[in-house]
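Since this is a predicted model, take the numbers as computed values, not measurements. For this chain, numbers begin at 1 and follow the sequence in order.
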Amino acid sequence: MRIVVTGLIATYPVGGVAWDYLQYVHGLAALGHDVTYLEDTGQWVYAPRLQTFTEDCRENLAYLAAVLRRGGTPVPWAFRDAAGLLHGMEEADLHRRCRDADLFLNVSGCCWLRDAYRSARVAAYVDTDPCYSQAKLAAADAGTADEHVRYSAGMIRRHDVFFSFAENIGRAECLIPTAGLAWRPTRHPIVLADWPLAPPPGGGAFTTVMSWKTDVTPPAVGGRVYGGKDVEFAKVRALPACTHAPLEIALAGAAPVAELRAAGWRVVDARAVSATPEAYQDYIAGSRSELSVAKEAYVATRSGWFSTRSASYLAMGRPVVIQDTGLAAHYPIGEAILLFTDAEEAAAALAAVERDYGRRCAAARALAASAFDSGCILRRLLAEAGC
């Protein structure tokens, strides 16, 4: 099949983001499909060197081209800048690829669904950030949305089929509204060949890579406004005092770094450890395990969301100690995945990881191969999209 995959590789040129979308590109190509990568957000791009957004996308385009050369077979790509100029291929070629496509896979819903792109046989919306998309739809339906949110909600509804990382969406325990759409649960695909197994370090820390607080408007559902990771981190701020395990955060955003360090956390710059896809993998490989909170929007709604980053730790053979978002119905808990709701439970999980650590590392790799196998996940997605 011919498939167009969208993403944010050039818009946010950091290693973790690149892997989020590369796994769709590589996974679909491994299944024998003809894949085109498209990026068109209508926004300026982020420049890590300047630590701000800019309309000059030259460095971002070079980064995108290098990332899409990974694996030895270059992927045809198109990037439309904020001024509307297309890079990477001619307009006629992009229009032809969209017209001939069996599937337009709008991962993260990040691509403008322009009329020229809607000529694909099926347009699928992949909701990787649950609660945020649905809150827009609910606000538009209730007549409380501003013009920008109404436009975004209308763009979402122009798709033909809808997938979500909220694996509990539609269940009684999940507080995320469906907004009248049939959301199909999905999860992040892992191409195991992209994640070479590395032996665990002797004295590595429990780590994660995170943004303290994102700039997007927090979602409001049912009269409640849900926050991000900064809200949930308060539950484990005192964790270093409850464990002997070294705890490290690769942190981006305006965080209270001095306060975190005073509480016993190691804090390093996320830009350094995630400058490239390779640097991101090296950081995970140098970790003992992952320890991470989730956004309040995922936790409080009992979404069943699982992090793309945590899936990457598993792929590298690292167990994950993560905040419970309602995962127990979908994943085996207790070996490679250990859940917590507060600092006491997190400390107990860290201690459990250290017991028979080698077995847990092997279980992590095995779980990545089974629960996140790109072939299984993407075949199911294609079937449910009617492709």
Return the minimal non-hydrogen interatomic distance between [X] and [Y], and the atom names on each side.
{"X": "Gly27", "Y": "Ser374", "result": "CA-OG, 4.1 Å"}
{"X": "Cys98", "Y": "Tyr117", "result": "SG-CD2, 3.8 Å"}
{"X": "Ala285", "Y": "Ala198", "result": "CB-CB, 4.0 Å"}
{"X": "Ala140", "Y": "Ala153", "result": "CB-CB, 3.6 Å"}
{"X": "Ala328", "Y": "Ile333", "result": "CA-CG1, 4.0 Å"}
{"X": "Thr325", "Y": "Ala294", "result": "CG2-CB, 4.0 Å"}

Relative to Tyr357, does Arg288 satisfy both conditions: NZ or CZ under 6.0 angstrom from the six-membered ring centre, and within 45 degrees of the ring's axis? yes
Within 45° cone of Tyr132 ring axis and under 6.0 Å: Lys295 NZ or CZ: yes
Take Ser164 and Arg184 through the test side-chain hydrogen bond (donor to acceptor under 3.5 Å, both in side chains) and record every step on the way to the result. CA-CA 6 Å; Ser164 179; Arg184 302 166 187 268; over 6 Å; no
Do [X] and [Y] have side chains that approach each other closer than 4.5 Å (heavy atoms only, starting at C-beta)?
{"X": "Val75", "Y": "Arg69", "result": "no"}
{"X": "Arg118", "Y": "Arg114", "result": "no"}
{"X": "Met210", "Y": "Ser292", "result": "no"}
{"X": "Ile377", "Y": "Thr186", "result": "yes"}
{"X": "Leu38", "Y": "Phe104", "result": "yes"}
{"X": "Thr128", "Y": "Asp20", "result": "no"}
{"X": "Phe79", "Y": "Leu61", "result": "yes"}
{"X": "Val221", "Y": "Tyr226", "result": "yes"}

From the options [options], select the one residue that forms a side-chain contact (heavy atoms from CB on, under 4.5 Å) with [X].
{"X": "Leu28", "options": "Leu103, Asp34, Leu105, Leu381", "result": "Leu105"}
{"X": "Thr11", "options": "Leu64, Thr41, Asn60, Asp40", "result": "Thr41"}
{"X": "Tyr24", "options": "Val191, Val35, Val107", "result": "Val107"}

Check step by step if side chain to side chain contact (heavy atoms under 4.5 Å, CB included) holds for Glu345 and Leu339. CA-CA 8 Å; Glu345 291 181 1; Leu339 303 179; over 6 Å; no
Counting only heavy atoms not in [X], do more than 12 fall under 6.0 Å of its [atom1]?
{"X": "Arg58", "atom1": "CZ", "answer": "no"}
{"X": "Arg121", "atom1": "CZ", "answer": "yes"}
{"X": "Arg171", "atom1": "CZ", "answer": "yes"}

Could you grab the distance from atom [atom1] of [X] to atom [atom2] of [Y], nearest 0.5 Å is fine?
{"X": "Leu314", "Y": "Ser312", "atom1": "CG", "atom2": "OG", "answer": "8.5 Å"}
{"X": "Ile9", "Y": "Leu68", "atom1": "CD1", "atom2": "CG", "answer": "5.0 Å"}
{"X": "Arg150", "Y": "Leu137", "atom1": "CZ", "atom2": "CG", "answer": "14.0 Å"}
{"X": "Tyr283", "Y": "Ser274", "atom1": "OH", "atom2": "OG", "answer": "10.5 Å"}
{"X": "Ile322", "Y": "Ser310", "atom1": "CD1", "atom2": "OG", "answer": "4.5 Å"}
{"X": "Tyr63", "Y": "Glu59", "atom1": "OH", "atom2": "CD", "answer": "12.5 Å"}

Evaluate the criterion side-chain hydrogen bond (donor to acceptor under 3.5 Å, both in side chains) for residue pair His33 and Asp102; output intermediate values, then yes/no. CA-CA 10 Å; His33 301 297; Asp102 299 285; over 6 Å; no
Within the 6.0 Å centroid threshold, strictly below: [X] and [Y]:
{"X": "Trp305", "Y": "Tyr298", "answer": "yes"}
{"X": "Trp183", "Y": "Phe162", "answer": "yes"}
{"X": "Phe372", "Y": "Phe306", "answer": "yes"}

Inspect the contact between [Y] and [X] and indicate whether a charged nitrogen and a carboxylate oxygen are less than 4.0 angstrom apart.
{"X": "Arg97", "Y": "Asp93", "result": "yes"}
{"X": "Asp141", "Y": "Arg157", "result": "yes"}
{"X": "Lys235", "Y": "Glu232", "result": "yes"}
{"X": "Arg318", "Y": "Glu290", "result": "no"}
{"X": "Arg302", "Y": "Asp324", "result": "yes"}
{"X": "Glu91", "Y": "Arg80", "result": "yes"}
{"X": "Glu90", "Y": "Arg96", "result": "no"}

Any side-chain donor paired with an acceptor under 3.5 Å for Tyr280 and Glu278? no
Name every donor-acceptor pair, under 3.5 Å, that has one atom in a side chain of residues 249-267 and the other anywhere in the protein, sequence neighbours excluded.
unit_1, atom_1, unit_2, atom_2, d
Glu259, OE1, Arg237, NH1, 3.3
Arg261, NH2, Val267, O, 2.8
Trp265, NE1, Arg237, O, 2.9

Give me the ring orientation class for Trp195 and Trp19: parallel if the planes are under 30° apart, tilted from 30 to 60°, perpendicular past 60°. tilted
Between Gln43 and Trp112, is the side chain to side chain contact (heavy atoms under 4.5 Å, CB included) condition met? List the steps. CA-CA 10 Å; Gln43 302 174 358; Trp112 281 21; over 6 Å; no
Between Arg271 and Val14, is a side chain to side chain contact (heavy atoms under 4.5 Å, CB included) present by the stated rule, with each step listed? CA-CA 7 Å; Arg271 291 172 298 172; Val14 295; 6.0 Å; no
Run the numbers on Tyr21 and Ser108 for side-chain hydrogen bond (donor to acceptor under 3.5 Å, both in side chains), then give the verdict. CA-CA 9 Å; Tyr21 303 101; Ser108 304; 2.8 Å; yes
Do the side chains of Val273 and Tyr12 join up, straight or via other hydrophobic residues, at under 4.5 Å, putting them in one cluster? yes
Please evaluate residues His26 and Asp194 with respect to the criterion side-chain hydrogen bond (donor to acceptor under 3.5 Å, both in side chains), reporting the C-alpha separation (whole Å), side-chain torsions for both, the decisive distance (0.1 Å), and the verdict. CA-CA 9 Å; His26 290 179; Asp194 283 343; 2.8 Å; yes
Apply side chain to side chain contact (heavy atoms under 4.5 Å, CB included) to residues His87 and Asp81 and explain how you reach the verdict. CA-CA 8 Å; His87 306 263; Asp81 64 28; 2.9 Å; yes
Is the backbone of Pro240 close enough, under 3.5 Å, to the side chain of His244 for a donor and an acceptor to pair up by distance? no
